[in-house]
Novice: 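Please see the structure below; I have some questions.
Chain letters run A, B, ... following the sequence lines, proteins first and then strands; every chain starts at 1.
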Number of protein chains: 2
Amino acid sequence: MLVKNALDYGKEESEIRKLFEYGKKRKAEIGAENVFDFSIGNPSVPAPKSVDESIKKLVDNMDSVALHGYTSAAGDLEVRAKIADFVNEKYNAGISAENIYLTCGAAAGIAIVLNAIVNPGEECIVFTPYFPEYKVFLEKTGGKLVEVKSDDNLQIDLDAFEAAITEKTRAVIINSPNNPSGVVYPAEKIQGLSDILNKKQEEYGHPIYIVTDEPYRPLVYDDIEVPYVTNYYDNTFVTYSFSKALSLPGDRIGYIIVSPKMKDSADAFAAIAGSGRMLGYVCAPSVFQRVVADNVDVTSDISIYKKNRDLLYNALTEMGYECVHPDGAFYLFVKTKGDSREFCEKAKKYELLLVPADSFGTPGYMRVSYCVDTAMIEKALPAFEKLINEE
Amino acid sequence: MLVKNALDYGKEESEIRKLFEYGKKRKAEIGAENVFDFSIGNPSVPAPKSVDESIKKLVDNMDSVALHGYTSAAGDLEVRAKIADFVNEKYNAGISAENIYLTCGAAAGIAIVLNAIVNPGEECIVFTPYFPEYKVFLEKTGGKLVEVKSDDNLQIDLDAFEAAITEKTRAVIINSPNNPSGVVYPAEKIQGLSDILNKKQEEYGHPIYIVTDEPYRPLVYDDIEVPYVTNYYDNTFVTYSFSKALSLPGDRIGYIIVSPKMKDSADAFAAIAGSGRMLGYVCAPSVFQRVVADNVDVTSDISIYKKNRDLLYNALTEMGYECVHPDGAFYLFVKTKGDSREFCEKAKKYELLLVPADSFGTPGYMRVSYCVDTAMIEKALPAFEKLINEE
């Protein structure tokens with residue numbers, strides 16, 4: 001008599017979770033320094049010094065009742081204005097504070113958006129590989145997840161996308177830079193998506209929304225451009241989190257942008273507010289609202305991720321692993337020899353903890369997180385070599 | 001084509017919100033010191049010094065990646081253990097860390113619990129007056145709110161309660177100390193509820209849960225005891241927030257306790273975890289998890305609320321207002337002369353901002369928040385006098 005899907009999702013042990021528990025046990029047995037844990041997506045770089053300074057400054061200088069008090073449900077207006085200014089300056093997005101709704105991170109943002117736009121029986125398209133929690137959030141709306149397979153470079157296959165759109169399609173989630181592949185979708189792909197969606201919207205006579213999930217936006221290397229989707233497609237919700245850029249995943253702070261170019265943008269914003277209210281979100285954490293406003297143009301030291309990526313990518317491809325070159329995020333997405341679950345199981349013999357990508361909709365791959373100590377990568381390379389050469 | 005209830009709840013302007021906007025305008029016109037704003041439920045007492053010290057200590061001394069990183073979905077185990085120890089010491093509740101799930105405040109807690117236990121078409125009982133957001137959270141579950149009128153003292157009417165229970169009753173929400181009435185439900189009422197529910201559970205052959213909503217638990221005056229419900233009834237979920245006790249409403253930190261005496265307690269805990277996951281909650285804010293653990297036995301200076309309560313209660317009853325004596329929280333719940341909305345509208349003539357209680361399920365009353373400056377109460381008393389003496 002408990003709610004069945006809640007019970008099922010509560011009992012479900014994710015692949016990553018199971019690996020985490022195994023890793024904990026194994027580290028206790030043979031010492032943490034002898035286990036090569038590439039399973040986790042937690043930023044390994046500390047939050048910038050300026051974040052800690054902001055926290056202390058706010059506590060010391062701001063009135064306690066105002067600092068710790070409720071903000072409006074959408075967030076403090078001054079904070080939202082600072083974010084709007086930054087986004088406009090950086091991406092020429094033409095938004096204002098009134099288009100921003102602060103959230104408890106991107107997961108909350110996605111859940112709030114989906115519950116505002118997807119009605120029971122409607123469909124939401126995702127591109128493989130995709131973050132498995134989308135399915136969990138979508139289930140609460142009564143909507144249905146539709147997977148579109150990506151091409152061999154893990155880029156959006158526009159023909160497959162067009163073929164997957166039906167009259168019931170309500171939303172399309174784009175996650176770029178992508179978790180788990182590290183791939184960035186270039187401007188021509190976003191333009192292609194936009195053209196197809198505009199055509200389909202006209203054909204069906206109702207809006208189809210793009211929902212971006214982009215906590216990894218600032219984590220790109222080699223001057224790669226990540227197109228700002230509101231500049232390509234009007235019916236766009238941007239969901240962002242400061243988790244990765246400021247190394248603050250536990251503090252739960254991010255935002256939704258409701259594009260002002262969206263049809264009925266004010267209503268869409270109201271639906272976001274109503275959805276957040278129904279899910280129990282009162283306001284985003286108030287101290288951290290101010291902290292991110294102070295640090296809107298700051299990122300953690302991502303040069304470490306770039307160094308790790310280059311080290312790991314170069315070494316693994318030299319060993320014979322096949323891997324799309326990741327332009328962003330902090331994951332390497334690697335083809336496995338044979339069944340991915342079996343391959344990652346075998347990896348444990350060499351004390352390598354690797355996540356099989358079956359739950360991302362892409363069996364035959366594994367995710368290797370490089371948000372780790374560089375020294376661990378160096379120490380782990382012989383293990384990777386043994387693994388791929390095993391018969 | 002936006003989700004209808006999300007849009008409706010997003011557009012709905014609450015009575016309190018409308019008053020807030022009116023007050024802002026009026027304060028700009030005649031000066032804030034000339035408007036007597038009794039409409040808001042934001043703690044007016046600063047957070048304890050020890051809270052600010054904890055924040056700074058954590059930032060200075062704890063490893064950044066650990067402090068700001070994800071905790072497990074249920075929260076940091078050490079934090080949960082400290083809360084369990086405190087609850088056991090204070091209420092002899094016999095819980096452990098494994099029974100605690102940290103949340104982004106009590107609103108999140110209630111939403112998560114309801115989405116874990118209420119199936120579409122099932123019923124949830126509330127007692128008037130009740131916090132109107134319960135209806136909003138419940139709507140996401142597909143369940144139905146059933147109001148049970150309280151008696152003239154705003155206490156639970158056990159006969160009316162028993163009559164309202166049906167085979168579809170799945171949950172009963174208790175909010176004590178009560179927002180908006182300030183009433184505390186005594187042990188005999190909780191025992192009465194428990195006896196009735198045990199009988200009904202047996203009759204219907206399935207569990208009926210009590211869900212407590214108790215952010216005001218530590219805000220009681222004159223040595224009033226607030227019974228700890230898990231000690232009376234096994235199938236109980238406790239939802240708590242540190243918002244009021246530590247004056248941290250904006251920081252969104254609280255917890256759910258799944259009583260270990262509950263039937264299938266482990267499954268119920270899993271359903272809570274799954275429900276939180278589906279609603280987009282990843283973990284409760286990580287810095288504030290540690291802050292509340294450090295301050296689990298601390299409260300803000302509530303002597304100010306007591307002073308305000310006594311001042312306002314004595315003065316208003318002397319003037320002829322009828323009001324149940326509030327034992328806790330920071331609200332006075334006062335009968336209005338005639339229609340409550342009209343009465344509160346009339347109050348604006350005297351620059352008094354008072355909330356009509358119609359949306360709490362109790363027309364004919366108004367809520368007067370005394371989490372305000374004592375000086376404002378003193379200055380406002382002549383206005384209250386004129387209001388009640390107006391023909």
Novice: So what's closer than 4.5 Å to chain B heavy atoms on A:D60: side chain, backbone, both or neither?
Specialist: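 Side chain only.
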
Novice: Closest approach of B:V282 and A:A107, non-hydrogen atoms and distance?
Specialist: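 Closest pair (atom of B:V282, atom of A:A107, distance): CG2-CB, 3.4 Å.
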
Novice: Is it the side chain or the backbone of A:A284 that comes within 4.5 Å of chain B heavy atoms, both, or neither?
Specialist: backbone

Novice: Checking B:S44 against chain A: side chain, backbone, both or neither under 4.5 Å from a heavy atom?
Specialist: backbone

Novice: Against chain B, label A:S275 side chain, backbone, both or neither, depending on which of its atoms sit under 4.5 Å from a heavy atom there.
Specialist: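 Contact with chain B involves both backbone and side-chain atoms of A:S275.
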
Novice: Could you give me the CA-CA distance, side-chain angles and deciding distance for A:V287 and B:F288, then say whether side-chain contact (heavy atoms from CB on, under 4.5 Å) is met?
Specialist: CA-CA 10 Å; A:V287 170; B:F288 281 87; 3.8 Å; yes

Novice: Taking all non-hydrogen atoms of both residues, which atom of A:Y70 and which atom of B:N42 are closest, and how far apart?
Specialist: CD1-OD1, 3.3 Å

Novice: Got a second to check how far A:K56's NZ is from B:L58's CG, nearest 0.5 Å?
Specialist: 11.5 Å

Novice: Could you report the tightest heavy-atom contact between B:C283 and A:R252, atom names first, then the distance?
Specialist: O-CG, 3.4 Å

Novice: If you take all heavy atoms of B:G280 and A:A111, which pair is closest and at what distance?
Specialist: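 Minimum heavy-atom separation between B:G280 and A:A111: CA-CB, 3.9 Å.
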
Novice: What residue among A:T141, A:L114, A:N119 forms side chain to side chain contact (heavy atoms under 4.5 Å, CB included) with B:V3?
Specialist: A:N119

Novice: Does any heavy atom of chain B fall under 4.5 Å from the side chain of A:Q289, the backbone, both, or neither of them?
Specialist: neither

Novice: Can you tell me which portion of A:Y209 sits under 4.5 Å from chain B's heavy atoms? Options are side chain, backbone, both or neither.
Specialist: side chain

Novice: Applying side-chain contact (heavy atoms from CB on, under 4.5 Å), run through B:M278 and A:F137 and close with a yes or a no.
Specialist: CA-CA 5 Å; B:M278 292 178 79; A:F137 304 150; 5.9 Å; no

Novice: Does a side-chain heavy-atom distance below 4.5 Å link B:H68 with A:L246?
Specialist: no

Novice: Below 4.5 Å, heavy-atom pairs only: which of B:D52, B:V65, B:D251 has the largest tally toward chain A?
Specialist: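 Highest number of pairs under 4.5 Å: B:D251.
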
Novice: For B:I55, which atoms come within 4.5 Å of any heavy atom of chain A: side chain, backbone, both, or neither?
Specialist: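 For B:I55, the contact with chain A is made by the side chain alone.
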
Novice: Answer yes or no: is there a side-chain heavy-atom contact under 4.5 Å between B:I208 and A:M1?
Specialist: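 A side-chain contact is absent here, since even the closest heavy-atom pair is not under 4.5 Å.
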
Novice: For a quick test of reading the model, state the closest non-hydrogen atom pair linking B:A270 to A:L7 and the distance between them.
Specialist: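 For B:A270 versus A:L7, the nearest heavy atoms are CB-CD1, 4.0 Å.
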
Novice: Taking all heavy atoms of B:A6 and all of A:A271, pick out the closest pair and write down the distance.
Specialist: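 Looking at all heavy atoms of both residues, the closest pair is CB-O, 3.5 Å.
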
Novice: Heavy-atom distance under 4.5 Å between the side chains of B:D267 and A:K11, does that happen here?
Specialist: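 A side-chain contact under 4.5 Å exists here.
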
